[in-house]
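In what follows, a single structure is set out as structure tokens and then discussed.
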Amino acid sequence: MSTFSSFFTLIFASIIDKKRPKSNVIALTTLSVVGAAAIAWDDSSGTGKASLVGDLFALLSACFYGMYTVSIPKLSNPRDLHTFLGYVGVYTFVIGGPFILLLEFDALRQITLSIFIRITLNALLCTVLSDYIWAKAVHYTSELVATLAISATIPLSLIVDYFTSHIGIDFVEIVGVVCFLLGFFFVSVQNYKDKENTDSLLEINT
């Protein structure tokens, strides 16, 4: 999901900002996405109809995630992100809560105090905190750079597995890591240059 949401983020950002993305940004984004996708594809084991259905749902969620990413700088500011994320949490609970009760009621009845504490800690440290830091990154870099950064979990997990679990890395995965890192690095450089040019124009106009 995080991999292909980069394309949707690029498309939605260009539509909202009414700016055609630069060809080098499109090429570098494609390079980065192809690298991350190559790693995920080489490491995947799902086959058949279930895998296809899962891929379609992942593609749909990537589209919505791209919309969400582009909306962050439009609907919030860096100093008031906690309010924005709070509203997101409330809407998610109100809209998604009934579905969880209907579909997973039996599983909810089996939650013990120990499990509840673990879920709460995981939500605070691994979800709320990471989302807050990522939303800050959207403001301080760009929607595209922040989305590509999430895809970095794919090559990073590969590297961590290599050192902690001694899982081997094959040639396709190595090429995928190199492609992703090159694409992400040069997209970030281009974004930095664009921001510098924009700031320079603002200074001249003022």
Original post:
Is a side-chain N or O of Thr153 found less than 3.5 angstrom from the main chain of Ile150, in a donor-acceptor match?
Top reply: yes

Subject >> Those residues that, when tested against Leu75, pass side-chain contact (heavy atoms from CB on, under 4.5 Å) (two or more places apart) >> reply: Ser71, Phe84

Subject >> Results of side chain to side chain donor-acceptor pair (under 3.5 Å) for Ser157 - residues two or more places apart only >> reply: none

Original post:
Do Cys63 and Phe12 come close enough that some side-chain heavy atom pair is under 4.5 Å?
Top reply: yes

Original post:
So Phe184 and Phe180, would you call those rings parallel, tilted or perpendicular, with 30° and 60° as cut-offs?
Top reply: parallel

**OP:** Under the side chain to side chain donor-acceptor pair (under 3.5 Å) rule, collect the residues that match up with Thr141, sequence neighbours excluded.
**Re:** none

Original post:
Shortest non-hydrogen contact from Trp134 to Ala146?
Top reply: NE1-O, 3.1 Å

Subject >> Approximate separation, where rounding is to 0.5 Å, of Leu28 CG and Ser6 OG >> reply: 12.5 Å

**OP:** Mind checking side-chain contact (heavy atoms from CB on, under 4.5 Å) for Ala123 and listing every partner two or more places apart, or none if nothing turns up?
**Re:** none

**OP:** List, by chain and then residue number, the residues other than Val175 in its hydrophobic cluster (Ile/Leu/Val/Met/Phe/Trp/Tyr, side-chain heavy atoms under 4.5 Å); write none if there are no others.
**Re:** Phe171

Original post:
Does NZ in Lys19 sit with more than 12 non-hydrogen atoms of other residues, nucleotides or ligands closer than 6.0 Å?
Top reply: no

**OP:** Step by step, work out the side-chain contact (heavy atoms from CB on, under 4.5 Å) result for Ser5 and Thr147.
**Re:** CA-CA 7 Å; Ser5 61; Thr147 306; 3.2 Å; yes

**OP:** Taking the side chain as every heavy atom from C-beta outward, state whether His139 and Ile72 have any atom pair closer than 4.5 Å.
**Re:** yes

Subject >> Side chains of Leu124 and Leu129 in contact at under 4.5 Å (non-hydrogen atoms) >> reply: no

Original post:
Can you tell if the side chain of Val145 reaches within under 4.5 Å of the side chain of Tyr192, non-hydrogen atoms only?
Top reply: no

**OP:** Can you tell me which residue pairs pass the side-chain hydrogen bond (donor to acceptor under 3.5 Å, both in side chains) test with a partner in residues 99-112, sequence neighbours excluded?
**Re:** none

Original post:
Between Pro78 and Lys136, what is the shortest heavy-atom contact and its length?
Top reply: O-NZ, 2.7 Å

**OP:** For a side-chain contact (heavy atoms from CB on, under 4.5 Å) with Asp161, tell me which candidate from Ile169, Leu156, Ile167 qualifies.
**Re:** Ile167

